[in-house]
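Structure, as C-alpha cells:
Order of listing sets the numbers, starting from 1, for every ligand and every atom in it.
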Amino acid sequence: MKLQEIQQIYRKTEPLERVDGAQRAGGRALFTDDIKISGLLYGRIIPSMVAHGRVKKIDISEAAKVEGVATILTCENTLVRWPSGDRINERLVFAPTPRFFGDCIGAVAGVSREVCEKAVSLVTADYDILPTSFDPMQSLSDESTKIWPSGNMQKEYSFEFGDIQKSLSESKIVFENTYKTNRHHCAALEPAVSLAFWDEGKLTVHASTQGISRCRHELSLALGIDESRIRVICKFKGGGFGNKNNAMDYDIIAALLSREARRPVLLEYTRSEDFTNLHGRWATSQRVKLGLAKNGNTLAYDVDAICDIGAYGRHPAGKYVGGPENLYSLKSMKVKAIPVYTNTPTTGNMRAPVGVPSTFAFETAVDEAAYSLGRDPLEFRLSNLTNLSEGSIPFSSNGLQECIKHGAEMIDWQNRFQLHTSGDRDASSAVGIGVALAAWHSEIETSAVKLKVEADGSVSVSAGIVDIGTGAKTALALIAATELGLNRSQINIETGDTETCPPFIGESGSKTTATMNMVVKQAALKLKDMILDRAASRLHLRKDSLRLDADVVRSRETDGKHLSLKELASSSEPAIVVTEMVEAKIPPNVARSSFGAHFCEVNVDFGLGKITVERYVAVHDSGHIVNRLTAESQVQGGVVMGIGLALMEELVFDHETGTLLNPSLNSYHIPRNDDIPPIEVDFVETNDPYGPKSLGEVPVMPVSPCIGNAVFNATGIRFREIPITPERFIRAMI
Ligand code: MOS
C-alpha cells in the first residue's frame, strides 16, 4: 500500500469528544467515593504485621472501645473465600495465615475514617512466625519455606510449536541472554474503593470494577447468595488496568462489614494500601535463546522463565510469559515459565499482562541480533515479519508492515538512524533512536445489548459495560448512531448497572469496543426491521416500499407518506425494543491480532545517567478506528505507562522483612508531565472481517524495548533489565 492511500484511510475518522467528558471535567461524574448515602459507615482493613505467620490470637478489645466503631471482623470469626484470590490455592479474604506484610487479617467499620484508623491501630495480633522467602530462587530451593501447603510453585506454563531442539541445532547463530522485568504497580488515579449496603436481604455494591457481571457473579460465590439478590453498579471508574476485573476482596469485605453493621459501608484503601493490597505485575527472569539462519532469518525462540508472582498469583490464564510468535517468522518456539510464590504482595493481570515482560525480552533480543549481524534493526525486523500466528494460522488482518513503514517515515529513520553507535563516553550526552514492535490478540466476547426507541424519538442503548477510561461509552454511542443512521445526539447511553443493563462479563483483554461493535450491529438491524414493520402497518403500505432515513420512515415514492420515530414510538402500541445477544467467538482457525510499531529518540546524559525520551512515534493497526480522539489518547496513555515501566517503575521489597519500601507515589515514580515527550500517534486501519480490533493493551508493550534499543543506539550499552534507572545506567558505565 502507498503512503497516500494509508493516510486517506487513517484520516477518514473524525474525532468525537467523550460523551461524558463534560461531566468528568466538570466534577459532576459520581465515582464510588462520591456517592452519598445516609447512615454511611467507613471501612478500613487490618494489615498483618508479619510477612508469613499463623495468626494465634487477635485482640480487638481496645479497638472495640473506640467510640464510633460499629463492627470488627477478623480471620478468627469470619472465614470467607475469595474465589479469584489465587489461581490454584484457596484464599480467604481475612487470612488466618497471612503470606505477605500487609496481608488482610480483618476489617473495621466505623463512623469516620479517623475512628477506623484509630481502631485499626489498637488491634494487636500474635503470630506463629513461619519461614519466609522474598526471592523466587530461594522459594524454589529452600525446603523449609512452604508458602503454600502444595508448595512454592504455581502450575508451570509451557507452550511449544515445531521442534525446538532441531531448529536450534539448525541455527547458524544462537543468541543467548537473560532478560529481567521487575514488579509493577497499576497506580490507578482512583485507589481501591467499594460501597456496599443491604436492603431486605438484597445486596447493592457500588463497585469500582471493570466488569459488573463478573463482579456480581463472584460476590454471589463468595457470599453464598443468588446473583438475582445482588446489584452491582459502576457508572464511573477512575482507571482500571486489569486489576479490577473480578470481584475484589474489598468488594466482598465491604459487603460483609455492611451485613454485620446493618448500615452502608464505604471501604477505601489509602494510597499505600493500594500499593500493598491491590495486585500488580509479576517479575520475570527470562533466559532466551534466539536462533538464526546464516542469512539472519529468525528460526527459533526458546524461553525459560522464572516469575515472581508474590504470595498470591491471580493471573487467571496462568500464562506468565509468551514469545514473538505473532510477529516473526519462526520454525519453532518453546516457552517454559515457572510461576513462583514469594512472601510479597499479590500479582495478577495488569495492562498487557504477559505482553510487557515478553516483548521486552524478545524485542531486545531481536535488536541485539540485528546489531551483531551489522544489520539495520528496522530492515532486519521487516525481513523477518510473518503473517502466520504460531507459525501456521493466517491473521484475519495484519497492517504491521504498513505501521512500520509509516512510523519510520514519521521519525525519519532513513536519515536519522546510524548503525554505528556513538558510544563516545567522553561526550556529556548522546542521542539515539530505536524501534520495537508488538502484537496483542483480539478477541470478541459473548455480549448483549438493548436498543429501545423512546417516546421522544431518541434511541436508548443499554449495555453492561464499564468505561474504565478508554472511551468505551463514546465508542458505543458512535457505533449505535452509525448503525442506525442517527445523529449522536439522538442516542442515549446507559451502562454499568446489573439491574438495568444486559449482562456483559466486563473489560478485559481490550475487548469492549470490538465486542460492542458486533452486537450493536446485529441489534440495529433488528431494530430497523421492527421500525419498518410498525410503520408499514400504520401507513398501510408494504414494508419493502419503506425506508428509514435518519429518524424518519419514508415511502420510496417521491410524494410518499412518512412517519418520524417519535410518531411511531409515542403510540399506544408496545415499545419498539430489541435485546440482542451474540455468542461471538472467532473461529478457531482464525488468528486475530492488533499490531503496533513504535519509534523513539532518546537523549542520554552520561553524568546523571538520565535518559530523556525526546520524541515518540506510535503507529497502530487496530482495524477500523471507531473514534480517533479516544483511540489516540489510549495509545498515548499506553506510551506514558510504558515510559514509566522502562525508566522508573519498580516495586522494591526489603530483603529482611519483605515490606514494600516504596508504597507511595513519592517513592514509586510514575511519569510526570515533564518526563513525557510529544507522542505522535497514527493508525493504519485494516479492514478486518470481524470489525475493530483491540487497542487498550498493545501500546504499552513495545515501549520499554523501544527505549532500551534507542539507549543502545545512543551509547552502545545494552540493558537487559527494566527499569533503566539512573543508578542502573551509572553502574553499567563503570
Ligand atoms: Mo486486562 S490486564 O485483561 O483487564
Side-chain angles (χ1 to χ4, degrees), residues 84-85 87 157 181 183-190 192 207-215 217-218 232 234 237-248 251 278-284 307 309-310 312-322 339 346-360 438-447 464-472 475 495-496 504-516 586 592-594 596 622 634-635 637-638 640-642 644-645 649 693-704:
S84 70
R87 180 167 140 75
Y157 173 79
T181 60
R183 297 271 295 267
H184 300 147
H185 173 65
C186 293
L189 208 55
E190 175 191 44
S208 170
T209 182
Q210 294 180 213
I212 51 172
S213 299
R214 187 143 52 178
C215 183
H217 176 66
E218 205 177 332
V232 175
C234 181
K237 160 141 196 50
F241 302 103
N243 52 353
K244 294 168 185 169
N245 56 16
N246 301 77
M248 300 302 288
D251 295 316
L278 200 57
H279 76 243
R281 196 194 306 278
W282 55 89
T284 69
C307 306
I309 60 167
Y312 306 92
R314 300 189 65 227
H315 185 46
K319 175 182 177 181
Y320 291 92
V321 163
T346 310
T347 66
N349 281 6
M350 175 174 166
R351 198 174 192 173
V354 182
V356 165
S358 311
T359 309
F360 173 67
W440 179 261
H441 55 90
S442 187
E443 289 151 16
I444 285 175
E445 193 59 72
T446 295
S447 58
I465 63 166
V466 173
D467 190 337
I468 62 174
T470 59
T495 63
F504 180 55
I505 191 165
E507 178 47 72
S508 77
S510 310
K511 286 183 284 211
T512 300
T513 297
T515 295
M516 284 300 135
I586 307 293
R592 201 161 177 264
S593 183
S594 298
S622 282
Q634 270 196 84
V635 174
V640 171
M641 202 174 207
L645 306 181
E649 297 188 39
K693 301 192 284 188
S694 59
L695 179 58
E697 283 160 287
V698 68
V700 78
M701 292 166 60
V703 186
S704 46

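- Classification of the W282-Y320 ring pair by plane angle, with boundaries at 30° and 60°, yields perpendicular.
- For E697, the side chain to side chain donor-acceptor pair (under 3.5 Å) test picks out W440, S510, with sequence neighbours left out.
- Qualifying side chain to side chain donor-acceptor pair (under 3.5 Å) partners for T515, counting only residues two or more places apart in sequence or in other chains: none.
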List below, pair by pair, the N or O atoms of ligand 1 and of the protein that are less than 3.5 Å apart, including the distance to 0.1 Å; reply 'none' if no pair qualifies.
{"unit_1": "ligand 1", "atom_1": "3 (O)", "unit_2": "G509", "atom_2": "N", "d": "2.9"}
{"unit_1": "ligand 1", "atom_1": "4 (O)", "unit_2": "Q210", "atom_2": "NE2", "d": "3.0"}
{"unit_1": "ligand 1", "atom_1": "4 (O)", "unit_2": "N245", "atom_2": "ND2", "d": "3.1"}

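- When only modelled atom types and interatomic distance are considered, S593 and S442 share no side-chain donor-acceptor pair under 3.5 Å.
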Begin from the C-alpha positions of F504 and M516 and carry the test side-chain contact (heavy atoms from CB on, under 4.5 Å) through to its verdict.
CA-CA 10 Å; F504 180 55; M516 284 300 135; 4.2 Å; yes
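- For T346, the side chain to side chain donor-acceptor pair (under 3.5 Å) partners two or more places apart in sequence, or in a different chain, are R91.
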